[in-house]
Amino acid sequence: IEALDNLQKEKKIRKNIRLIKTKYIATPALFGFINPVILLPDIPLTEEELLYILTHELDHCANYDLWRKLFLELLKALYWWNPLIWLAYKYTCLDLEMDCDRFTLEQLSPQNCREYAKTLVELGAGKQIWDAPLAFGESDGERRVKALLAWKPLTIPRKLLGLCAAALVMCLFLGTP
């Protein structure tokens, strides 16, 4: 698909990512470390929906989210008895998805942000995919959609406030006792 090639060039992803439509999944997902594949459900999708999905999944690839999730899976395997690891896993997966949603929103025009949220809901927000590495509709759908609808681009004052807060935290925790 031409859109996939264009997005890969735009995001500087050198790997050849394949698209596969299958009836065995309910929501789009990214699989594969060496040869990544974007799996799409076998349902009719508009060009805009496909563009949103590809942008979202390629953002996962560009951010190396599959490798992060592999690290989390290894932690879960090593510390399976620790409930804090399971909780950290859940919230880190949600953070990965919301971070990817934020990257996708930054690339969309303001009028397309609501369409993106609508696509997320239609394609299975809230459906928990059984151990899917990274799926478009994975994780806590309600939180993701609320965050999408409340999203505003970062302004310079907000960025400065964030930097000041980070500097303050660093000073408090990295200083000598």
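Being a predicted model, the structure only gives us computed values, none of them experimental.
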Discussion item. Can you see whether Asp101 engages Tyr116 through a side-chain donor-acceptor pair at a distance of less than 3.5 angstrom?
Written reply: yes
Item to complete: Could you walk me through whether Leu40 and Leu50 pass side chain to side chain contact (heavy atoms under 4.5 Å, CB included), step by step?
Response: CA-CA 9 Å; Leu40 297 172; Leu50 185 59; 3.8 Å; yes
Worksheet item: How many angstroms lie between CD in Glu115 and OG1 in Thr46, if you round to the nearest 0.5 Å?
Response: 8.5 Å
Discussion item. Under 4.5 Å between side-chain heavy atoms, counting indirect links through other Ile/Leu/Val/Met/Phe/Trp/Tyr residues: same cluster for Phe71 and Trp80 or not?
Written reply: yes
Discussion item. To check you understand the geometry: which heavy-atom pair defines the closest contact between Glu57 and Ala29, and what is its length?
Written reply: OE1-C, 3.9 Å
Worksheet item: Please walk me through it: do Lys69 and Glu73 pass salt bridge (charged side-chain N to carboxylate O under 4.0 Å, His left out)?
Response: CA-CA 6 Å; Lys69 200 145 179 190; Glu73 291 290 346; 5.7 Å; no
Worksheet item: In this structure, which one of Ile25, Ile20, Leu66, Leu39 forms a side-chain contact (heavy atoms from CB on, under 4.5 Å) with Phe31?
Response: Leu39
Worksheet item: Out of curiosity, does Leu78 fall in the hydrophobic cluster containing Trp81 (side-chain heavy atoms, cut-off under 4.5 Å, transitive links)?
Response: yes
Discussion item. I'd like to know if the side chain of Trp86 and the backbone of Lys76 have a donor-acceptor N/O pair within less than 3.5 Å.
Written reply: no
Worksheet item: Would you find a donor on one side and an acceptor on the other, under 3.5 Å apart, between the side chain of Gln107 and the backbone of Phe103?
Response: yes
Worksheet item: According to a 4.5 Å side-chain heavy-atom criterion applied to Ile, Leu, Val, Met, Phe, Trp and Tyr, with indirect links allowed, do Leu87 and Tyr79 form part of one hydrophobic cluster?
Response: no
Item to complete: Please name the residue in the list Leu120, Leu58, Asp59, Asn112 that meets the side-chain contact (heavy atoms from CB on, under 4.5 Å) test with Thr104.
Response: Asp59
Item to complete: Group every Ile, Leu, Val, Met, Phe, Trp and Tyr by side-chain heavy-atom contacts under 4.5 Å, then state whether Ile43 and Leu51 land in the same group.
Response: yes
Discussion item. So which atom in Lys21 and which in Asp42 form the shortest heavy-atom distance, rounded to 0.1 Å?
Written reply: CD-OD1, 4.0 Å
Fill in: Residues Tyr52, Leu108; criterion side chain to side chain contact (heavy atoms under 4.5 Å, CB included); working and verdict
CA-CA 9 Å; Tyr52 300 149; Leu108 298 175; 3.7 Å; yes
Worksheet item: Just wondering, do Glu97 and His60 contact through their side chains at under 4.5 Å, heavy atoms?
Response: yes
Worksheet item: How long is the span from the SG atom in Cys113 to the CD atom in Glu106, to the nearest 0.5 Å?
Response: 10.0 Å
Worksheet item: Can you tell if the side chain of Asn35 reaches within under 4.5 Å of the side chain of Asn16, non-hydrogen atoms only?
Response: no
Item to complete: Quick one: list whatever passes side-chain contact (heavy atoms from CB on, under 4.5 Å) with Leu161, sequence neighbours left out.
Response: none
Discussion item. Please give me the minimum heavy-atom distance between Ile38 and Leu54, naming the atom from each residue.
Written reply: CD1-CD2, 4.0 Å
Worksheet entry | In one Ile/Leu/Val/Met/Phe/Trp/Tyr side-chain cluster, 4.5 Å: Phe33, Leu30 | yes
Discussion item. Tell me if a side-chain donor or acceptor on Asn63 pairs with a main-chain N or O of Asp65 at a distance below 3.5 Å.
Written reply: no
Discussion item. What I'd like to find out is whether the side chain of Cys61 reaches to under 4.5 Å of the side chain of Ile17, using heavy atoms alone.
Written reply: yes
